[in-house]
Amino acid sequence: MIRSRSSEVATMRTNRKTLVEERYNGIQRRQMIFMQMVKDRASKMKASLAPFISNDLMFKIFLLLPIKTLLRFSCVCKSWKNMINCAEFVEAYNNEAQTTAILLRRIEPHRLNTFHVESQVNLSESYSIFPCTPSEMSNSKVINFLDIEDGKSKVIDLNISCFGSIVASCNGLILISSMFERTNMFRRPKFFDSHERLGRLIIMNPMTRKFIKFPLGTIPSEISYSESYGLMFSQSKGVYKAVHLFMDELGHIACELWSLETRHWKSIDGPSKNLIRHFSRAPPIWASGSLHWLFTGYQYHTGYIISLGAEDERFSVIDLPKSIGLHDKIVEMGGFLTFVSSLDVNHLEVWVLKGLEGVEWVKQHTINIDAVVGSVENEEYSRPVLAVNAKEMIFRRGLQLYSYDFELEEVREIEMEGGGIHARESLLPHTNNLATWERLEPML
């Protein structure tokens, strides 16, 4: 009886063990089946979604997005990053970008935690070129953009600041000249030669915050406003070039170029000495494949434009369509060089240059301002600021901005956010886009 009972217990234990093993194996089989089902379904979903979100469709969607959104999307996945940074997309996006204006403003005391350009330059050097103590940082300027649309302006703050001045803009890049002598903010270290200016030139895309720094050009004479910096782009080579036009100690006009391809300064033949009496504060204008300076002549009301071609690196002289006035200016409008002449306080003439060879100036518009603005007691002249894709002209009168619609032939006052522009604040035409000096890969 005892053996019989023990045999039954052993059989029960064996059966129970077998049952447990079967259940365990069954669970494992079901898990494997479930995992395989998930994988099969995922592969089917991937295959089914591809026709609905094609690369062509994503390309077109990305073209409609603002730059800040694009930069965030480039961090989502590798395929989006490659598309946003490929040569075809950057070119297409940049072609659709509209002209805006850069507005430099003194930094507020409590706003020192910004992307400071010169501080970033210090991090890339073996020693600190720019002293960046809190007291010196308080002398910085914040880089803003003035977004103008439908008669309203809005200041776009990118949280970027710098010590230097923005001296040029070309195809979405800006050129910052940051020099110790010009700002008089820094103490000259003893180990530098007394004839050497301290500082750097910086080419930067303020939207992407990418920058490249390089040495200052040749020291000009001590005459005030004896130099001018510019930025141009060689379309055939795909290379940006910084331009330094200056008057040397002998009074000769010289020019040197810094190519972002060769990374060094080279001298080229400058314009005739008799053409340039002094340099103005107005930066040169990039239009029609050349860099343009507006100069007044030695005789009363005479003037001309000196141009430097980005491809052949040669200077040429362009006669103005009429005599020059104190408030006249050149701007870029729809890719063409444009001369804006102030007839009086209430009237502007807009002349467009059709081609650099076989020069032909065409008067396209006469703007009557007094119909909207009314009389001004101090008789402020209207100064052109920029042209928005050949559709409207933005001009400044005192601390107020106005726009002129070329199609409707109407002038309207622009509603200014924050109470207008200060007297010493200047506006520089600029295009916000994805421009870069780096070689881009084609889209896969």
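All residue numbers refer to positions in the sequence shown, counting from 1. These numbers come from a predicted model, not from an experiment.
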Given the rule in the side chain to side chain contact (heavy atoms under 4.5 Å, CB included) test, do I166 and H430 qualify, once you have shown the distances and angles that lead to the verdict?
CA-CA 11 Å; I166 300 177; H430 178 72; over 6 Å; no
Output, in order, the C-alpha distance, side-chain angles, deciding distance and verdict of side chain to side chain contact (heavy atoms under 4.5 Å, CB included) for F339 and D328.
CA-CA 7 Å; F339 176 67; D328 295 350; 3.5 Å; yes
So S161 and T114, side-chain hydrogen bond (donor to acceptor under 3.5 Å, both in side chains) or not? Walk me through it.
CA-CA 6 Å; S161 61; T114 63; 2.5 Å; yes
Trace of the side chain to side chain contact (heavy atoms under 4.5 Å, CB included) decision for W351 with L320:
CA-CA 9 Å; W351 296 79; L320 296 175; over 6 Å; no
Give the intermediate values and the outcome of side chain to side chain contact (heavy atoms under 4.5 Å, CB included) for residues L427 and I394.
CA-CA 11 Å; L427 296 170; I394 307 298; over 6 Å; no
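Nearest heavy-atom pair across Y402 and V411 is CB-CG1, 4.3 Å. Here the closest heavy-atom approach between residue S169 and residue W286 is recorded as O-CB, 4.4 Å. Listed here is the closest heavy atom pair of I84 and S74: CD1-N, 3.8 Å. Heavy atoms only, all atoms of each residue included: Y240 and C170 are closest at CE2-O, 3.9 Å. The two atoms that bring V352 and M333 nearest to each other are CG2-CE, 3.6 Å, heavy atoms only. For G164 against S178, the heavy-atom pair with the smallest separation is N-OG, 3.7 Å.
Partners of H264 by ring-ring contact (aromatic ring centres under 6.0 Å, His included), not counting sequence neighbours: none found. A search for salt bridge (charged side-chain N to carboxylate O under 4.0 Å, His left out) contacts involving E256 returns nothing, not counting sequence neighbours. Scanning for side-chain contact (heavy atoms from CB on, under 4.5 Å) contacts around Q120 gives F115, L123, F211, with sequence neighbours left out. Residues satisfying the side chain to side chain donor-acceptor pair (under 3.5 Å) test with R314, not counting sequence neighbours, are none. Under the rule for a salt bridge (charged side-chain N to carboxylate O under 4.0 Å, His left out), the partners of E349 that lie at least two apart in sequence or sit in another chain are K322, K363. Applying the ring-ring contact (aromatic ring centres under 6.0 Å, His included) criterion to Y404, with sequence neighbours excluded, gives F406. Judged as a ring-ring contact (aromatic ring centres under 6.0 Å, His included), and not counting sequence neighbours, H347 has no contacts. Scored by the side chain to side chain donor-acceptor pair (under 3.5 Å) test, W293 finds S228 as partners (sequence neighbours excluded). Not counting sequence neighbours, K154 has no partner by the salt bridge (charged side-chain N to carboxylate O under 4.0 Å, His left out) test. For K391, there are no salt bridge (charged side-chain N to carboxylate O under 4.0 Å, His left out) partners two or more places apart in sequence or in a different chain.
Within 6.0 Å of CG in D269 there are 12 or fewer heavy atoms belonging to other residues, nucleotides or ligands. Within a 6.0 Å sphere centred on CD of E88, other residues, nucleotides and ligands contribute more than 12 heavy atoms.
At a threshold of 4.5 Å between non-hydrogen side-chain atoms, the residues N433 and M207 do not count as touching. Side-chain atoms of P429 and E332, non-hydrogen and from C-beta on, never get closer than 4.5 Å to each other. Two residues are said to be in side-chain contact when any heavy atoms from C-beta on lie closer than 4.5 Å; D319 and W361 fail this criterion. Put simply, the side chain of C162 reaches to within 4.5 Å of the side chain of I143, judged on heavy atoms. Residues L257 and L308 are in side-chain contact: their nearest non-hydrogen atoms beyond the backbone lie under 4.5 Å apart. The shortest side-chain heavy-atom distance between R263 and I212 falls under the 4.5 Å cut-off. Within the 4.5 Å cutoff, the side chain of V350 has heavy atoms near those of the I367 side chain. Counting heavy atoms from C-beta on, the side chains of S234 and K241 come closer than 4.5 Å.
With values rounded to the nearest 0.5 angstrom, T100 atom OG1 is found 8.0 Å from I156 atom CD1. Distance check: S165 OG to K141 NZ gives 4.5 Å after rounding to the nearest 0.5 Å. In this structure, CG on L434 lies 7.0 Å from CG on N205, to the nearest 0.5 angstrom. Note that the CG atom of L401 and the CD1 atom of I148 stand 5.5 Å from one another [nearest 0.5 Å]. Atoms CG and CG, from L173 and L231 in turn, are 6.5 Å apart once rounded to the nearest 0.5 Å. The CG atom of L291 sits 6.5 Å away from atom CE of M232, with the distance rounded to the nearest 0.5 Å.
For the pair K329 (side chain) and R383 (backbone), a donor-acceptor distance under 3.5 Å is absent. Formation of a donor-acceptor pair under 3.5 Å by the Q400 side chain with backbone atoms of I414 is found in this model. Although no hydrogens or angles enter the test, the distance criterion places a donor-acceptor pair under 3.5 Å between the side chain of E311 and the main chain of Q235. Remark: side-chain polar atoms of E118 are paired, donor with acceptor, to backbone N or O of F163 under 3.5 angstrom. Between the side chain of R209 and the backbone N or O of P206, no donor-acceptor pair lies under 3.5 Å. S288 places a side-chain N or O within donor-acceptor distance of the main-chain N or O of G335, the cut-off being under 3.5 Å.
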Compile the donor-acceptor pairs under 3.5 Å between side chains in residues 56-72 and protein atoms, sequence neighbours left out, one pair per line.
none

Distance-only donor-acceptor hits, side chain of residues 436-444, under 3.5 Å, sequence neighbours excluded:
from	atom 1	to	atom 2	distance (Å)
T436	OG1	E438	N	3.1
E438	OE1	K210	NZ	3.4
R439	NH2	K237	O	3.4

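Inspection of the S307 and S290 side chains reveals no N or O donor paired with an N or O acceptor under 3.5 Å.
Using a 30° and 60° split on the angle between ring planes, W258 and W265 fall in the perpendicular class, above 60°.
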